[in-house]
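These numbers come from a predicted model, not from an experiment. Both backbone and side-chain heavy atoms feed into the values below; hydrogens, waters and symmetry mates do not.
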Amino acid sequence: MTDDEIAKIAQSCFHGCPTIVLGSGASMPHGLPSMGELSTYLSENMKTEGDTEGDAWLLVKVALANGDHLEAALEGKTLPASLLSKIVSLTWRCVNDKDMQLLEAAAHDGNFALGTLLANMFSSTHSEVHVVTTNYDRVAEFACNSKNVLFQTGFAPGYIQTWESTGRVKLVHGAKAARVVKIWKIHGSLDWFRTADDRTIGLPVFELPSKDHYTPLIVTPGLNKYEKTYEDPFRTTINGADAALKAASAFLCVGFGFRDQHIHPKLIERCRERNVPTVVLARTLTEEAKDFLKNKAGTNYLGIELSGTGSRVYSPTCPEGTDVTTPDLWSLDGFNKLVL
């Protein structure tokens, strides 16, 4: 496959103003932890109390030791509420530590390929761009800030942010509606919390508030994540993400493993319905991502992963993949070079 053929598919995706789907692989280049690193952090820092917590956590540790990824290790296990609370707190701390470091770097000299891409997507007549993400971190928000692009996550602006499920907050520029990136964080965010009196608020903090007064609103891997998402802010956020995915004229998936039942069924449905241009980028494509590309993405797709010093490219003409010498095509920087 030639560079021109690769660029042609990438450009058809870009010109379609894609709905962007971000997985953990999109944040890892910025120093955020992988699922494997999160697993290690949980294993090293978890302190259980009593036999109930200890026995339940032992099952998770055994699954991880046997090679299960964190999602599989937690799935299908009945964990006591106290242990789930500890998993949430440790997950928050693990991601927050790296997120805080990234803020410092971003404030100093932020360089985000995602920010560059989003700013260029607004060079046309588009007034909204949708980003759907399973990540808790604020990489997408920092990326918008790096190019002075406005964004919304469902909360009113401010230091103490109220949840606006009705969408009453509108951003305007002069007399016109402002161009805005709508970030749908379906598994929550580091700055979302539930108060002791059951209110949902946003606090842009980098230290975990008192657990007696605030509970982080992040949905950790495992079976219970599907239970928690019936409540706001998750319910409204997922509905917004669903609408963005169902109406998408193209998809750009970055570092997404296609293991999340909230997202990838909607991708499959849209590709079957409209055969929209779809690009999937990852350092290493998961088997689930490869299956999606080969069997469910239609006939207008491109998948790219790292291969040695070059890249491996998957397309309808090369469904098993072919190696090309062009480096870094699998990264968002590489994608930008193809389309900008």
Side-chain angles (χ1 to χ4, degrees), residues 6-32 99 101-135 137-155 157 169-185 189 191 204 240-241 243-245 247-256 276-282 302 304 328-340:
I6 296 169
K8 184 177 180 180
I9 301 175
Q11 287 166 9
S12 70
C13 174
F14 173 74
H15 291 305
C17 191
T19 291
I20 300 171
V21 179
L22 304 178
S24 60
S27 295
M28 286 165 57
H30 296 287
L32 274 296
D99 194 71
Q101 294 174 23
L102 181 60
L103 173 65
E104 294 173 0
H108 175 66
D109 183 21
N111 180 24
F112 292 83
L114 178 60
T116 300
L117 177 66
L118 291 169
N120 277 273
M121 288 173 70
F122 283 128
S123 62
S124 64
T125 58
H126 300 296
S127 60
E128 285 185 354
V129 174
H130 294 275
V131 175
V132 179
T133 179
T134 55
N135 300 337
D137 60 61
R138 289 167 277 210
V139 168
E141 291 93 316
F142 297 158
C144 290
N145 288 160
S146 73
K147 294 297 181 182
N148 295 317
V149 174
L150 296 175
F151 67 85
Q152 290 180 307
T153 62
F155 286 80
V169 175
K170 304 292 184 184
L171 301 177
V172 297
H173 188 265
K176 296 182 179 180
R179 293 181 171 184
V180 63
V181 176
K182 293 195 171 181
I183 306 174
W184 305 103
K185 306 186 78 168
S189 182
D191 47 6
L245 294 170
S249 54
F251 290 118
L252 173 60
C253 304
V254 186
F256 180 63
V276 297
T278 300
V279 175
V280 180
L281 308 174
L302 190 67
I304 312 177
D328 295 330
L329 282 180
W330 61 272
S331 69
L332 201 46
D333 273 319
F335 179 81
N336 284 351
K337 290 174 184 176
L338 291 173
V339 302
L340 303 182

Report, as yes or no, whether the 6.0 Å neighbourhood of atom CG on Asn120 holds more than 12 heavy atoms from other residues, nucleotides or ligands.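 Enclosed.
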Return yes when atom NE2 of His126 has more than 12 non-hydrogen atoms of other residues, nucleotides or ligands closer than 6.0 Å, and no otherwise. yes
Can you give me the closest heavy-atom contact between [X] and [Y], atom names plus distance?
{"X": "Leu22", "Y": "Leu114", "value": "CD1-CD2, 3.8 Å"}
{"X": "Cys17", "Y": "Val129", "value": "SG-CG2, 4.2 Å"}
{"X": "Phe251", "Y": "Leu245", "value": "CZ-O, 3.5 Å"}
{"X": "Leu118", "Y": "Cys144", "value": "CD1-SG, 3.8 Å"}
{"X": "Asn135", "Y": "Ser27", "value": "ND2-OG, 3.2 Å"}
{"X": "Thr134", "Y": "Phe256", "value": "CG2-CE1, 4.3 Å"}

Test item: [X] side-chain N/O and [Y] main-chain N/O as donor-acceptor pair under 3.5 Å:
{"X": "Asp328", "Y": "Asp333", "result": "no"}
{"X": "Lys185", "Y": "Asp137", "result": "yes"}
{"X": "Thr19", "Y": "His130", "result": "no"}

How long is the gap from [atom1] on [X] to [atom2] on [Y], to the nearest 0.5 Å?
{"X": "Leu329", "Y": "Leu338", "atom1": "CG", "atom2": "CG", "result": "5.5 Å"}
{"X": "Phe14", "Y": "Leu252", "atom1": "CZ", "atom2": "CG", "result": "10.5 Å"}
{"X": "Ser331", "Y": "Lys337", "atom1": "OG", "atom2": "NZ", "result": "7.0 Å"}
{"X": "Thr153", "Y": "Glu141", "atom1": "OG1", "atom2": "CD", "result": "6.0 Å"}
{"X": "Leu340", "Y": "Met121", "atom1": "CG", "atom2": "CE", "result": "10.0 Å"}
{"X": "His30", "Y": "Asp99", "atom1": "NE2", "atom2": "CG", "result": "11.0 Å"}

Evaluate side-chain contact (heavy atoms from CB on, under 4.5 Å) for Phe151 paired with Asn145, printing each intermediate quantity in order. CA-CA 9 Å; Phe151 67 85; Asn145 288 160; 3.5 Å; yes
Out of Pro18, Ser249, Cys13, which residue meets the side chain to side chain contact (heavy atoms under 4.5 Å, CB included) rule with Pro277?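 Only match with Pro277 under side chain to side chain contact (heavy atoms under 4.5 Å, CB included): Cys13.
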Donor on one side chain, acceptor on other, Thr116 and Asn336, under 3.5 Å: no
Show your reasoning for whether side-chain contact (heavy atoms from CB on, under 4.5 Å) applies to Leu302 and Phe335. CA-CA 11 Å; Leu302 190 67; Phe335 179 81; over 6 Å; no
